[in-house]
J.: 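Before I ask anything, let me first share the structure, which is written out below as C-alpha cells.
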Amino acid sequence: MPKSLHVKKGDLVQVIAGKDKGAKGRVIATVPREDRVVVEGVNMIKKHAKETHQGPRGAKTGGVQTMEGPIHVSNVKKLKDEKPADKKADEKTADEKTGEDS
C-alpha cells in the first residue's frame with residue numbers, strides 16, 4: 001500500500017528545518033517511498049554530467065549542473081496558497097460567469 005504525504009506536487013511549502021530553513025517554494029516532485037520531496041530553489045546540489053553521444057538527437061553536453069535535491073517531508077510545512085493550482089475550481093468559476101452548463 002503506498003504511503004501518503006501531507007504535501008503533493010504543486011503545493012506551496014516552507015522549510016522549517018535544515019540549512020534552508022525559512023525558504024518558501026513549490027513542490028516539484030514527491031518521492032513517497034523515501035518520504036522525500038523536491039522543493040523549487042531549496043537544497044541546491046551540483047551534479048557532474050559526462051558528455052555522451054547517445055540519445056535521440058546525438059550528443060548530450062557535459063559539465064556541472066546545479067539542481068534541487070530532495071529533502072525529508074517532515075522538514076516542510078504546507079502553506080495556504082493565494083492562487084490555488086486546482087484546475088477544476090477555475091473551470092467551475094468560469095462556467096458560473098458565463099451561465100452555461102457543460
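Fair warning: this is a prediction, and the values are worked out from it, not measured in the lab. What you see below is based on every heavy atom in this structure, not just the backbone, and it leaves out hydrogens, waters and symmetry mates.
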J.: Which residues pass the side chain to side chain contact (heavy atoms under 4.5 Å, CB included) test with N43, not counting sequence neighbours?
T.: K19, D20, I45, I71
J.: Any side-chain to backbone donor/acceptor pair from R26 onto G10? Under 3.5 Å, distance only.
T.: yes
J.: Do V73 and V15 sit in one hydrophobic cluster, given that two such residues count as connected whenever their side-chain heavy atoms are within less than 4.5 Å of each other, even indirectly?
T.: yes
J.: Who else is in L12's hydrophobic cluster (ILVMFWY, side-chain heavy atoms under 4.5 Å, direct or via others)?
T.: L79
J.: If the condition is side chain to side chain contact (heavy atoms under 4.5 Å, CB included), which residues does K50 pass it with, not counting sequence neighbours?
T.: none
J.: Which residues pass the salt bridge (charged side-chain N to carboxylate O under 4.0 Å, His left out) test with D11, not counting sequence neighbours?
T.: K78
J.: E68 side chain to G41 main-chain N or O, any donor-acceptor pair under 3.5 Å?
T.: yes
J.: Would you please test D35 and H72 for side-chain contact (heavy atoms from CB on, under 4.5 Å) and show each step?
T.: CA-CA 6 Å; D35 285 334; H72 200 269; 3.7 Å; yes
J.: Could you see if V38 belongs to whatever hydrophobic cluster contains V7? Use Ile, Leu, Val, Met, Phe, Trp, Tyr and a side-chain cutoff under 4.5 Å.
T.: no
J.: Could you grab the distance from atom CD of Q14 to atom NZ of K21, nearest 0.5 Å is fine?
T.: 9.5 Å
J.: Can you sort out the partners of Q65 under side chain to side chain contact (heavy atoms under 4.5 Å, CB included), two or more places apart, ordered by chain and number?
T.: A49
J.: State which residues pass side-chain hydrogen bond (donor to acceptor under 3.5 Å, both in side chains) with H6; sequence neighbours excluded, sorted by chain then number.
T.: none
J.: Would a 4.5 Å heavy-atom cut-off, applied to side chains only, mark V39 and V76 as touching?
T.: yes
J.: Calculate, to the nearest 0.5 Å, the distance between atoms OG1 and CE belonging to T66 and M44 respectively.
T.: 6.0 Å
